[in-house]
Protein chains: 2
Amino acid sequence: MNTVVRSGKRIQPIINNDILLHDIPLFKKLTEDEMFRLELNSVIKSYSKRSVIYREGSRHSGLYCVLKGIVKVYKIGGNGKQQILRFAQKGDLIGYRSLLTNELACTSAKAYDDTVLYHIPQHIVMELFRQNWGFTHETMKFMCKELKESNMFITDIAQKSVRERAAEMLLILKDEFGIDKHNALKITITREDLANMVGTVTESLIRVMSEFRNENLLELPGRKIVFRDVTKLRAIANI
Amino acid sequence: MNTVVRSGKRIQPIINNDILLHDIPLFKKLTEDEMFRLELNSVIKSYSKRSVIYREGSRHSGLYCVLKGIVKVYKIGGNGKQQILRFAQKGDLIGYRSLLTNELACTSAKAYDDTVLYHIPQHIVMELFRQNWGFTHETMKFMCKELKESNMFITDIAQKSVRERAAEMLLILKDEFGIDKHNALKITITREDLANMVGTVTESLIRVMSEFRNENLLELPGRKIVFRDVTKLRAIANI
DNA sequence: CGAACTGTTGAGAGGCTTCAAGCCTAGTGG
DNA sequence: CCACTAGGCTTGAAGCCTCTCAACAGTTCG
């Protein structure tokens, strides 16, 4: 049974049994030997909330896999405004684009929670790609998922109103991060970040959220977002 | 020297020396044997202008590579409006997403010109992926290019004005399809399609184009688009 | 406890869409 | 070859959605 305890260059003492590589579909494709070589060469890095993992325009040679926490992946527009492209969580890959193309990063990534990443150096990833098709295929499927979501998002942002997009984004967050027993979204997100996901300004997003509250679709106690009528939200989102 | 003349199932007589597989970077990665097997199993398909190649929601088992012509890849939004995601031309791949994930197509593709495609059946592509890392890597790099462009486009469409996006899109078309000796865009594109690329309605796009003409940045004789001041356009695009 | 950040609401301006009407042009059929 | 017609192109007017600017309340954290 492989656990990160076997990891060669364990630099952080955070690792415990909550975090197991074999929980992650991608790594299930590896043989015991490959796994051993991987762990011998990879590094587990932890990031405290709000710390930057990499920045647009920087070079980072390797692949990151999220083991724990949430990573915000975003781009800065011409006017300095953030556009959030996705939130990556356990099992998700980040930084693979510049790995494959040897270009500079075209996005930035920031820890949204206290986050633990698995960093695999470029030559190891490339070696695995060469020798293990299952691993490569799994990575390609992940890329496809992102492409599909990008295509959907481009169409939405070009054609839907802020109200529709906001409803849709709330439902996406609900699907990705889940809700607790009180129907409250598990991820805590600021209004500004929600606006930066939806592709609008904070004030507009707040206005729409207030509408949703007045229509009894949401409750908004403090920073929580509680779902009260998912069916109607889905109708508004027009998915 | 491999040419398509060697192709096994040559169903169309269109093939001539203009179209050579070895012109395409992706296929340069294949060995002579792989190339032979590829040509033995693949089909060259031709599509007349405006004919549909595949439709959103359909299943198409295989990979298409554009040999000649231009393919419009788009998505239909909730209101029935097209959002153009990209134009594929010689050497570009289409339809690889559903190939890798075994899902239904999430976009539609239509021949924009008289177009010739190379269709490789799924099992052959998968076989090549397994055995030839160069081929796989080339494909992954292509996917990365699309992801990068998607990320940029999402940020632009969320943050820039129609005027800025229109200028940028014209410059992108100029880079991708080139201009003739009179500085006219080589691709002929309707105002509606331009609007569907930019993510706006036809009327708004036309108004912006008229502005550009009045500011001596463009000439618009008939259906042509002639560039007169690329520098200023670039400034407006705010890249 | 106070500073800095986040959330909220209002008012006003402006960009973009919608609807409507007419012109142009490319392709078709007689 | 020409007339015709459908589809593409263009402009105007009106109104709505969204953004901007501003002020203030609430919250968090050192």
Side-chain angles (χ1 to χ4, degrees), chain A residues 48-50 72 77-84 110 112-114 156-167 169-170 185 187-214 218-226 236 238, chain B residues 48-50 72 77-84 110 112-114 156-167 169-170 185 187-214 218-226 236 238:
Chain A
S48 59
K49 199 170 173 170
R50 273 184 290 276
K72 173 169 86 171
N79 43 15
K81 195 171 178 302
Q82 279 186 20
Q83 176 61 42
I84 297 180
K110 190 182 256 192
Y112 208 65
D113 254 349
D114 290 336
D156 282 349
I157 208 166
Q159 299 188 3
K160 286 185 179 176
S161 66
V162 169
R163 182 178 159 92
E164 292 172 293
R165 265 144 52 204
M169 201 53 80
L170 288 170
L185 205 56
I187 183 178
T188 307
I189 182 170
T190 64
R191 300 290 193 260
E192 187 182 358
D193 275 337
L194 246 178
N196 289 344
M197 292 190 76
V198 170
T200 184
V201 293
T202 313
E203 297 95 318
S204 295
L205 187 276
I206 285 173
R207 274 179 244 275
V208 169
M209 298 276 282
S210 300
E211 279 176 34
F212 290 162
R213 188 193 51 210
N214 295 337
L218 295 179
E219 280 171 44
L220 302 170
R223 224 152 261 185
K224 280 202 187 313
I225 298 175
V226 180
I236 291 168
N238 192 17
Chain B
S48 59
K49 199 170 174 171
R50 273 185 288 277
K72 173 169 87 172
N79 43 15
K81 196 171 178 301
Q82 278 186 19
Q83 176 62 42
I84 298 180
K110 190 181 255 192
Y112 210 64
D113 252 349
D114 289 336
D156 281 350
I157 208 166
Q159 299 187 3
K160 287 186 178 175
S161 65
V162 168
R163 183 178 159 89
E164 291 172 294
R165 266 143 53 204
M169 201 53 79
L170 288 171
L185 206 55
I187 184 179
T188 306
I189 183 171
T190 64
R191 300 291 193 259
E192 188 182 358
D193 276 336
L194 247 177
N196 290 342
M197 293 190 76
V198 169
T200 185
V201 293
T202 314
E203 296 94 321
S204 296
L205 187 276
I206 285 173
R207 274 180 244 275
V208 169
M209 297 276 283
S210 300
E211 279 176 34
F212 290 163
R213 187 194 51 208
N214 295 339
L218 295 179
E219 280 172 43
L220 301 170
R223 224 150 261 185
K224 282 203 186 311
I225 298 176
V226 180
I236 291 168
N238 193 16

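Quick note on labels: first sequence line is chain A, next is B, and so on, each numbered from 1. Heavy-atom basis, side chains included; hydrogens, waters and symmetry copies ignored. Everything numeric here is computed off the predicted structure, so don't read it as measured data.
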Exercise for review: Take atom CD of A:Q159 and atom C1' of C:dC16, then tell me their distance rounded to the nearest Å.
Suggested key: 15 Å

Exercise for review: Classify the nucleic acid contact of A:V201 as base, sugar-phosphate or nothing, counting any heavy atom under 4.0 Å across all strands shown.
Suggested key: base

Review point. Has the side chain of B:D114 got a donor or acceptor atom that lies under 3.5 Å from a matching backbone atom of B:K49?
Key: yes

**Study point:** Sugar-phosphate or base contact per nucleotide [nucleotides 1-10 of chain C; S, B, -; heavy atom under 4.0 Å]
**Key:** -----SSBBB

**Study point:** Integer-rounded Å distance: D:dT20 C1' and A:K81 NZ
**Key:** 13 Å

Study note, to complete from the structure: Whole-Å distance, B:N196 CG to D:dG8 P, equals 11 Å

Check your understanding: Could you give the CG-to-P distance, from B:L205 to C:dT18, as a whole number of Å?
Key -> 14 Å

Review point. Taking CG from B:L194 and P from D:dT10, how many angstroms apart are they, rounded to a whole number?
Key: 11 Å

**Study point:** A:K72 side-chain N/O to A:R50 backbone N/O, donor-acceptor pair under 3.5 Å
**Key:** no

Review point. Checking A:R191 side chain against A:I206 main chain: does a donor-acceptor pair fall under 3.5 Å?
Key: no

Exercise for review: In whole angstrom, give the distance that lies between atom CZ of A:R163 and atom P of D:dC16.
Suggested key: 16 Å

Point to revise | Heavy-atom donor-acceptor pair, B:E219 side chain to B:R213 backbone, under 3.5 Å | key: no

Review point. Which whole-number value in Å describes the distance from A:R165 CZ to D:dC17 C1'?
Key: 11 Å

Practice item. Give a yes/no answer on whether the side chain of B:T200 brings an N or O atom under 4.0 Å of OP1 or OP2 in C:dC16. Key: no

Point to revise | Euclidean distance, atom CD1 of residue A:I157 to atom P of D:dT18 [Å, nearest integer] | key: 12 Å

Check your understanding: If only atom types and distance count, is the side chain of A:Q83 paired as donor or acceptor with the main-chain N or O of B:A158 below 3.5 Å?
Key -> no

Exercise for review: Work out which heavy atom in B:Q82 is nearest to a heavy atom in B:D193; give both atom names and the distance.
Suggested key: OE1-OD1, 4.0 Å

